Amino acid sequence: MSNVESPLRPTLIEGDKTLHDITEDVCRPIESKPNKYWWMVFSVACAALLWWIICVAYTVGTGLGVWGLNKTVGWAWDITNFVWWVGIGHAGTLISAILLLFRQKWRLSINRSAEAMTIFAVICAASFIVAHMGRPWVAYWPLPFANQFGSLWVNFNSPLVWDVFAISTYFSVSLVFWYTGLIPDFAAVRDRAKTKARKFWYSALSMGWVGSAKNWQRFEEVSLVLAGISTPLVLSVHSVVSMDFATALVPGWHTTIFPPYFVAGAIFSGFAMVQTLLIITRKVLNLEEYITIYHIDMMNRIILITGSIVGCAYLTEFFIAWYSGVEFEQYAFINRATGPYWWAYWSMMTCNVISPQLMWSSKLRRNLFVTFFLSIIVNIGMWFERFVIIVTSLHRDFVPSSWTMFHPTWVEIGLFIGSIGLFFVPFLLFTRYFPVIAMSELKTILKSSGSQSKKGVQHHD
Amino acid sequence: MTKQLHGIFNDDEVLLNAIKELKSKGIKCTNAYSPFPVHGLDGALGLKRTRISIASFLYGATGTCLALLMMWYMNIWDWPMDIGGKPSWNLYKNIPAFIPITFEFTVLCAAHGMVITFYLRSRLLPGVTPNVIHDRMHDDHFVLTVEGKVSDETAIRESLKQVGAVEIRS
């Protein structure tokens with residue numbers, strides 16, 4: 001039978017659940033009223049979102065002069081935030097696509113919320129791209145449309161145009177991947193709906209799904225093919241983002257190591273964000289039996305691996321700067337580590353290279369407080385990484401008379417803090433209205449990986 | 001005259017065995033519904049393999065061609081530019097710079113074409129009323145639809161019970 005699995009493999013669903021228990025546990029948040037903690041967090045997120053709207057309106061209404069950019073530092077927090085948010089999104093696709101191809105069953109209790117994180121993070125990222133254009137009403141100009149500006153087409157040799165295609169493809173494909181997986185779960189909520197409104201909305205969302213054998217056959221094929229094409233897609237997206245820098249001739253940006261280094265960094269920060277979100281979510285929604293310590297442990301291992309890859313990349317960059325013999329390249333790196341932005345560089349090094357090494361200890365990997373704290377540290381570190389790459393490479397350019405520092409204004413700080421609200425408002429709504437765990441997929445492993453099937457086996461871990 | 005009956009099961013392995021046994025008795029199993037994908041169910045029912053991945057490949061190949069055609073037309077045929085001493089006079093010389101967008105557009109077409117095909121073929125659209133046979137068929141129950149002569153109804157009901165159906169609905 002297909003349900004046979006070695007009893008030595010770890011339990012993925014604790015608490016002797018039945019199929020019906022899974023449905024009950026996943027639907028409970030949707031069918032009950034949120035508690036006061038949810039309202040508190042939601043109010044704070046809404047306030048941040050409101051602040052974001054004000055800052056965007058002020059930026060668009062007045063112009064980019066309200067930011068701290070100057071003629072030397074033309075990109076700063078805007079692109080830092082863009083790259084940071086896009087990177088965070090990558091973990092969702094890694095969990096749902098790459099771990100599907102590798103048949104990692106532990107992805108099943110976390111893929112839904114990680115994909116939701118992807119969608120909302122990419123929205124935040126896109127908001128910075130549109131905002132930094134200064135004139136968002138002409139945001140369609142990078143698209144190849146027939147126009148009357150003197151028969152000008154977009155330049156397809158430009159990585160910025162590649163980025164437009166990469167990000168929009170990534171967003172829309174992630175969205176349909178997520179939504180297609182949600183359909184059977186929406187149907188389960190629909191069939192249980194007691195109120196008229198819930199029946200109506202979940203009928204519309206589930207689009208008439210019934211779990212017939214043919215539908216499931218197609219569903220599985222679609223999931224597999226989407227995973228197969230999302231895997232190179234997600235790797236291409238951050239590679240293209242890195243080429244925005246790497247194809248420029250700016251010392252500190254013009255390096256061929258950027259694509260793999262950016263992808264590893266993206267997965268690193270994305271998993272940290274998944275940890276931050278899920279450690280809270282599993283507690284608040286009582287999902288500790290589905291998102292177990294084992295799941296947290298596995299994600300910490302990925303953080304350790306990708307963090308080490310990122311550390312290697314930092315050292316390689318430094319080595320190559322020296323080895324290249326190019327004095328401008330050498331200066332860019334010496335300036336990063338010892339110049340006026342030394343504090344940003346060393347924050348990055350401490351947070352991204354040193355702190356994940358704690359994860360070699362299985363005791364720390366399985367400790368929720370350590371994991372949560374570290375996930376925040378990693379995200380701070382990854383924000384600094386982008387800041388270091390962008391601002392320290394720009395602020396001392398080829399003409400020493402134009403060397404300067406960058407100082408963010410309250411508008412830029414507001415946009416960044418506000419974008420966290422832009423992320424959390426939809427995420428909190430998601431935890432109330434959407435099935436947070438892909439229950440129809442999780443049910444497939446209940447017999448093989450549930451705690452009942454592991455009875456009588458001693459675990460030594 | 002044929003009669004359709006729905007046997008309700010509460011375990012996927014019992015359902016798979018039931019299909020095997022009913023088939024050996026000559027009872028036609030036309031469809032089965034489950035709350036999650038049950039491995040081997042399509043094979044037990046004798047369903048053909050879905051061709052949706054072939055469709056996806058064709059959509060993707062269309063995307064590849066369209067993207068290359070678009071970039072060739074815009075940047076090489078209609079308005080070639082010489083940027084940084086790197087002129088775009090031929091497609092074959094320019095193709096390395098066109099690969100990222102060609103790839104992204106291939107994925108875009110393959111993914112969306114396939115998903116739209118899936119929705120249409122499986123009749124998934126907002127406003128479609130589903131045929132919910134049992135209110136827990138997307139929770140923890142499984143439905144097996146069988147067909148037989150009206151005159152055989154009692155015999156079919158008896159066999160469904162024998163193979164483990166917890167309930168029978170018509």
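For clarity, every value in this text was computed on a predicted model and none was experimentally measured. Reminder, nothing fancy here: chain letters follow the sequence lines and each chain counts from 1.
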| said: Could you walk me through whether A:Glu221 and B:Ser53 satisfy the side chain to side chain donor-acceptor pair (under 3.5 Å) test, starting with their C-alpha distance in whole Å, then the side-chain angles of each, then the deciding distance to 0.1 Å, before giving a yes or no? | reply: CA-CA 7 Å; A:Glu221 190 88 355; B:Ser53 46; 2.8 Å; yes
| said: A:Arg192 vs B:Asp135, test: salt bridge (charged side-chain N to carboxylate O under 4.0 Å, His left out). Steps then yes/no. | reply: CA-CA 7 Å; A:Arg192 297 162 49 89; B:Asp135 58 2; over 6 Å; no
| query | Stepwise, does the salt bridge (charged side-chain N to carboxylate O under 4.0 Å, His left out) test hold for A:Lys443 with A:Glu441? | reply | CA-CA 5 Å; A:Lys443 283 171 186 171; A:Glu441 289 175 88; over 6 Å; no
| field | Contacting region of A:Glu220 [heavy-atom separation from chain B under 4.5 Å] | value | side chain
| said: Under 4.5 Å from any heavy atom of chain B, what part of A:Val189 do you find: side chain, backbone, both or neither? | reply: neither
| task | Could you tell me the separation between the NZ atom of A:Lys194 and the CZ atom of A:Arg198, rounded to the nearest 0.5 Å? | result | 8.0 Å
| B:Thr106 and B:Tyr59: side chain donor to acceptor below 3.5 Å | no
| Worked verdict on B:Glu13 versus A:Lys447 for salt bridge (charged side-chain N to carboxylate O under 4.0 Å, His left out) | CA-CA 10 Å; B:Glu13 283 165 66; A:Lys447 275 192 183 168; 3.0 Å; yes
| query | Looking at A:Trp178, A:Trp201, A:Tyr179, which one forms a ring pair (Phe, Tyr, Trp, His ring centres under 6.0 Å) with A:Phe434? | reply | A:Trp178
| query | Which bit of A:Pro232 is near chain B, if near means a heavy-atom gap under 4.5 Å: side chain, backbone, both or neither? | reply | both
| Can you say whether A:Ile183 sits under 4.5 Å from chain B via the side chain, the backbone, both, or neither, judging by heavy atoms? | side chain
| field | Check: B:Ser151/B:Lys3 side-chain N/O donor and acceptor closer than 3.5 Å | value | no
| task | Could you tell me which portion of B:Arg49 (side chain, backbone, both or neither) has an atom closer than 4.5 angstrom to a non-hydrogen atom of chain A? | result | both
| query | What heavy-atom pair brings B:Leu124 and A:Trp209 nearest, and what distance separates the two atoms? | reply | CD2-CA, 3.6 Å
| field | Region of A:Thr247 that comes under 4.5 Å of a non-hydrogen atom in chain B | value | neither
| field | Members of residues 66-74 of chain B whose heavy atoms come closer than 4.5 Å to chain A | value | B:Met70, B:Met71, B:Tyr73, B:Met74
| said: Does B:Asp152 form a salt bridge (charged side-chain N to carboxylate O under 4.0 Å, His left out) with B:Lys149? I'd like the steps, not just the answer. | reply: CA-CA 5 Å; B:Asp152 294 344; B:Lys149 285 196 196 118; 5.0 Å; no
| query | Which answer fits B:Asp139, side chain, backbone, both or neither, if we ask what part of it has an atom under 4.5 Å from a heavy atom of chain A? | reply | both
| request: With a 4.5 angstrom heavy-atom cut-off, could you sort out which part of A:Asn155 is near chain B: side chain, backbone, both or neither? | output: both
| task | Counting only heavy atoms closer than 4.5 Å, note whether B:Leu125 contacts chain A via side chain, backbone, both or neither. | result | backbone
| Output field: ring centroids B:His134/B:His6 closer than 6.0 Å | no
| said: Between A:Val173 and chain B, with a heavy-atom cut-off of 4.5 Å, which part of the residue counts as in contact: side chain, backbone, both or neither? | reply: both
